[in-house]
2 protein chains.
Amino acid sequence: MKRNSRLTASLHALVHMAQVPDHPMTSEEIAGWLHTNPVVVRRMVAGLREAGILSAVRGHGGGWTLARPAASISLADVAAALEESFLSINTKPENPRCLVERSVSRHLDGFRLEVERLLAERLATVTLADIAAECGQGIAAYKENRHAL
Amino acid sequence: MKRNSRLTASLHALVHMAQVPDHPMTSEEIAGWLHTNPVVVRRMVAGLREAGILSAVRGHGGGWTLARPAASISLADVAAALEESFLSINTKPENPRCLVERSVSRHLDGFRLEVERLLAERLATVTLADIAAECGQGIAAYKENRHAL
DNA sequence: ACGATTCGTAACTATTAAAGTTACATGAAG
DNA sequence: CTTCATGTAACTTTAATAGTTACGAATCGT
C-alpha cells in the first residue's frame, strides 16, 4: 500500500463491502485488494470499528461487515473516523515570540480551517451507496471487481 | 526545521526581508531564524529565485533580497514557486481495472481540485506587504523580531 | 471439547521521504 | 588575492509509516 492513501484504501474496501451486504470480509481478502498485509488492514480500519461504521466478528466465518446501511455512511464519516489530516501545512509557530511568524501562521491557519471545512462539506455529499451504485451493485458487481481479472 | 513547513518557513523569511528592503540577508541569518542549516535554506528557496521572487547576490555583502515589491508578491505566488502539494490525499488508483477504486479516486480527485482551487484563491488575497504591515514595518520592526529577544 | 479460523494488538524491522551535513566550485567585494 | 556568500552534489541522519512476527481472545463447525 502506498503512503498517504488510507482514505482511498478504506473507501475502496468499504464500497466492496457495500456491494455484498451481510457477507463478512476478512482482512486477508481486503489485504489482497490493497496489495498489503492483513495486519496493516486491521490497524487501518480499527478507527472505523470504533466509529460504528464497521463491525467485526471473530472466528470461523468472521470478518467485517458494514455496521449500518451504506446509504447512511458518507465519505466524510469515513474520513472523520480515520482521524487523518489531509492538509500537510504547518500552522503552529515554532517561536511564538516572533511577530512575523505568528502573523504568517495566523493567516495560514485561517485558510486551513476554511479549506478543511469545504472538504468535509463535499465529502458529506457522497455515500458509500452512491459509489456502489455507480459501479453496479450486488454480487455480480462484486465479482466483476474481484481484482483477479 | 520541522517537516511540512516549507511554506511557513519561506514566508517567515520573506516577510522579514520585506521589512528591510535593499538589505541582503544571508542564508546563515535565515537559518538562525528557522533553526536549521544554511544549506537547507538555500535548497528551500531555490525555487523562489527561479520564480523571480527572490534574487541572490554572491560574495562579500551578498545574500537574498526580494526581486520585486513586497506588495506584488502574494502568498499564492510563494506557494506556487515552492511546488509543494498541501493535500496529502492519494487520488491515483493503483489498479485502474477495479471499477470501485476508479470511482472512489474520481470522486476524491474532484474534491481535491476544488479544495486546491479554494486554497490558491485565499492565498492570492494576501501579500507579503500585508503581513509585514501587520507586524510593523521597517528597521524598527525588524529589530523587534530579531529572535534574539 | 477441540481444532480451525479470524480479529486485536503489541513489539519489532524495513522502507522512504525529508532534513541535516560536508565539501567544494563559482562569483563578487574590498 | 583573500574573504565571504551563493549553488549544488553527495552523503548521513532522522522520523513517519508500512510491513512483519507473534500470540491472545473469541467464535464456529464437527
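Residue numbers begin at 1 in each chain, while the letters A, B, ... track the order of the sequences. In this text, all values refer to a predicted model and were calculated from it rather than measured experimentally.
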Out of dA18(D), dG20(C), dT20(D), which nucleotide sits closest to the side chain of Met1(B)?
dG20(C)

Measure from CG on Leu54(B) to C1' on dG7(D) and round the result to the nearest Å.
14 Å

Assign each of Val39(A) and Lys2(A) to its nearest nucleotide of DNA chain D by heavy atoms, then name whichever residue's nucleotide is nearer the 5' end.
Lys2(A)

Once you round it to whole Å, what is the distance between C1' of dA18(D) and CD of Glu84(A)?
13 Å

With the threshold set at 4.0 Å, does a side-chain nitrogen-carboxylate oxygen contact exist between Glu94(B) and Lys2(A)?
no

Specify the separation, in whole Å, of atom CZ of Arg43(A) and atom C1' of dC12(C).
11 Å

Is a donor-acceptor contact shorter than 3.5 angstrom present between the side chain of Arg49(B) and the base of dG7(D)?
no

Protein-nucleotide distance (Asn37(B), atom CG; dA9(D), atom C1'), rounded to Å:
15 Å

From the list dA9(D), dG8(C), dG20(C), which nucleotide is the closest neighbour of the side chain of Trp64(A)?
dG8(C)

Taking Glu134(B) for its side chain and Leu99(A) for its backbone only, find out whether a donor-acceptor pair lies under 3.5 Å.
no

Which nucleotide in the set dG8(C), dT21(D), dG29(D) lies at the smallest distance from any side-chain heavy atom of His60(A)?
dG29(D)

Take atom CG of Asn4(A) and atom P of dA17(C), then tell me their distance rounded to the nearest Å.
10 Å

Consider the side chain of Ala56(B), meaning its heavy atoms from C-beta on, and name the nucleotide among dG7(D), dG20(C), dA25(D) that approaches it most closely.
dG7(D)

What nucleotide among dT22(C), dT26(C), dA5(D) has an atom nearest to a side-chain atom of Arg58(B)?
dT26(C)

Please determine if a side-chain N or O atom of Ser27(A) lies less than 4.0 Å away from the OP1 or OP2 oxygen of dC7(C).
yes

Could you check how far CG of Leu48(B) sits from P of dG7(D), rounded to whole Å?
11 Å

Would you sort out whether Asp130(B) and Thr125(B) count as a side-chain contact (heavy atoms from CB on, under 4.5 Å), showing the intermediate values?
CA-CA 10 Å; Asp130(B) 295 332; Thr125(B) 63; over 6 Å; no

Do Arg117(A) and Glu121(A) meet the salt-bridge criterion of a basic N to acidic O distance under 4.0 Å?
no

Walking DNA chain C from its 5' end, the first of Val45(A) and Arg3(A) to be reached, judged by nearest nucleotide, is Val45(A)

For the pair made of CE in Met44(B) and P in dG20(C), what is the distance, rounded to whole Å?
10 Å

For a quick check, tell me whether the side chain of Arg42(B) and the base of dT6(D) share a donor-acceptor pair closer than 3.5 Å.
no

What nucleic acid atoms does Met25(B) come within less than 4.0 Å of, heavy atoms only: base, sugar-phosphate, or nothing?
sugar-phosphate

Specify the separation, in whole Å, of atom CD of Glu28(B) and atom P of dT22(C).
13 Å

Once the angle between the rings of His16(B) and Trp33(B) is folded into 0 to 90°, is it parallel (under 30°), tilted (30 to 60°) or perpendicular (over 60°)?
tilted

Looking at Thr36(B), does any N or O in its side chain come under 4.0 Å of the phosphate oxygens OP1/OP2 on dG20(C)?
yes

